[in-house]
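For reference, the structure is listed below as structure tokens.
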Amino acid sequence: MTRYIFVTGGVVSSLGKGIISASIGKLLQARGYSITIQKFDPYINIDPGTLNPYEHGECYVTVDGMETDLDLGHYERFTGIRTTHANSVTTGKIYKAVIEKERHGDYLGKTIQVVPHITDEIKRRIMHNDTVDFVISEIGGTIGDIESAPFLEAIRQLKWELGNRAVCVHLTYVPYLKAADELKTKPTQHSVKEMQGAGIQPDVLVLRTEKHLSDSIRQKVASFCNVDLECVVQSEDLNSIYEVPVNMQRQGLDAALLRKFGIPVGETPMMEDWNRFLELQRTATKEVHVGLVGKYDLQDAYKSIRESLILAGIYNHVKVKIDFFNSENITKENVPEKLSQVAGVIICPGFGQRGIEGKIIAAEYARTNNLPAFGICLGMQMMVIEFARNILGYNDANSSEMDSNTPHNVIDMMEEQKTVTNMGGTMRLGAYSCDISPNSRVSDIYGTLHISERHRHRYEFNNRYKEEYEKNGMMCVGTNPESGLVEIVEIPSHRWFIGTQFHPEYSSNVLHPHPLFMDFVKNVIA
Ligand code: GLN
């Protein structure tokens, strides 16, 4: 029998609903339950693929090629589950499905309305997976937003229909007013009232706070909000997001949830592997600086890359400090001063012309100074262009994305992309297999010759130049077996110079850090 947990947020955004949802998933898994976590985003875009990273942070990609919210990255990193298109739903998708059904004549004679048609479609998607013990549905946005209303109505109906098979966890914020030296619970009370106004009584409250909350504050929230005291937990700022599950477990969040569902609680699981990881994290204090060369100066824009580096650092017993370098400001003159501060560099993914010359200069600096360098997607393409310009002697080498008339299009658009006119969801997306050349560095790193990794791009290494590259020392060591497309390049004579057309950062998780990031960090500190 599948049970449903809804995670909503009030007062302000950025409370970390994704982390709490992922932590709940982790704690239930530790008790032997199967779970899935899905994100419902109230915006009208079909997916965040067309959203500017400044607006929405990183676009995460699932194995089956769905461009999704970055919270799915947290779900995968915390729980090791593989998300799919079904784990990411937007208002745009809901409306599209309903309108398509209407055009198809499925509702013949009926007036199509938010209630019941939109809410039914939301409910259908919440209930879609009945093969797991728990479905955790995180509702994006903040309670009270106009956009959230249909989602709240769907939750209200489900809570009514499912009885104790549905539980609502509501996150709020308890601000500390410095002048008064007081923690204030009023915003939480208002937020719960807003939920009650929509007909939903939250079962569990998670209070985000920068200062520890006393039992009397929790007691006050419990009695003003009609929530059991054991169901009011606090989520204080911690040194690392990966401490959140054990912090929640210590306060009995998982036990409280099980009691709400009427499930016997049993013993608290030890979570040995997770705690072993946390111990490694606590003891990895030696700092190592890695440069991130990209154009979005925003923490969330390269979320999975940052987390993959941090995780690989912990397993290599170091604390990776990430220094961001805006590629638009990198010049031939200042690159030595900038990159001499770091022990390795990641050349980031991206789209469009802005900032690419800085990435090319960074790649050249890393190549000529034996600085470990990892190019991801556009980053790999820039490594390839730099090599063509400075080693193969094609000064005008470029990607046809940046210069459609370049005579040396070492990166070129795939044939099947040339007729595509729609921007949304039309790239080479999701997992593709890749064969690795024996005797390459990456074959040692992966320990296998057959891998599968996730993609998100339109342009490719141009195979017409393959031989020339290999003759001159940049080897194409990973290839797609069906299409022959080049997926990995490396320079064997360099300390560590690898570029991947795919995104390994999407499949690195807490208990299984990605081998490429592991080996990169290992060589950065060597
Ligand atoms: N803009 C490049 C392409 O479409 C790279 C995309 C990326 O870095 N994700 O091929």
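Just follow the structure's listing: the first ligand is 1, and inside any ligand the first atom is 1.
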**Request:** With atom 9 (N) of ligand 1 as the reference point, say which of E401, Q381, R456 has the nearest heavy atom.
**Result:**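 Ranked by closest heavy atom to atom 9 (N) of ligand 1, first place is R456.
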
Quick check on contacts: which atoms of ligand 1 are under 4.0 angstrom from a heavy atom of [X]?
{"X": "C377", "answer": "5 (C), 6 (C), 7 (C), 8 (O), 9 (N)"}
{"X": "H503", "answer": "9 (N)"}
{"X": "Y459", "answer": "3 (C), 4 (O), 10 (O)"}
{"X": "L378", "answer": "5 (C), 7 (C), 8 (O)"}
{"X": "H457", "answer": "3 (C), 4 (O), 6 (C), 10 (O)"}

**Prompt:** Is P349 close to ligand 1, meaning an N/O of one under 3.5 Å from an N/O of the other?
**Reply:**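 Between P349 and ligand 1, no N or O pair is found under 3.5 Å apart.
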
**Message:** Could you check, using the six-membered ring where one of them is a Trp, whether F517 and F374 have ring centers closer than 6.0 angstrom?
**Reply:**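 They qualify: ring centres under 6.0 Å apart.
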
**Prompt:** Does the ring centre of F387 sit less than 6.0 Å away from the ring centre of Y469?
**Reply:**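 Under 6.0 Å, so yes.
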
**Message:** Return the closest protein heavy atom for atom 5 (C) of ligand 1 as residue, atom name and distance.
**Reply:**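 Checked against all protein heavy atoms, atom 5 (C) of ligand 1 sits closest to G350 O, 3.3 Å.
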
**Prompt:** Under 4.0 Å from ligand 1, counting heavy atoms only, is it the side chain of E460, its backbone, both or neither?
**Reply:**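 For E460, there is no contact with ligand 1 at all, from either part.
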
**Message:** Tell me which one of K39, K17, K303 satisfies salt bridge (charged side-chain N to carboxylate O under 4.0 Å, His left out) with D69.
**Reply:**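 Running salt bridge (charged side-chain N to carboxylate O under 4.0 Å, His left out) over K39, K17, K303 with D69 returns exactly one hit, K39.
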
**ring pair (Phe, Tyr, Trp, His ring centres under 6.0 Å) between Y242 and H74, worked out** = CA-CA 10 Å; Y242 301 114; H74 292 309; 8.1 Å; no

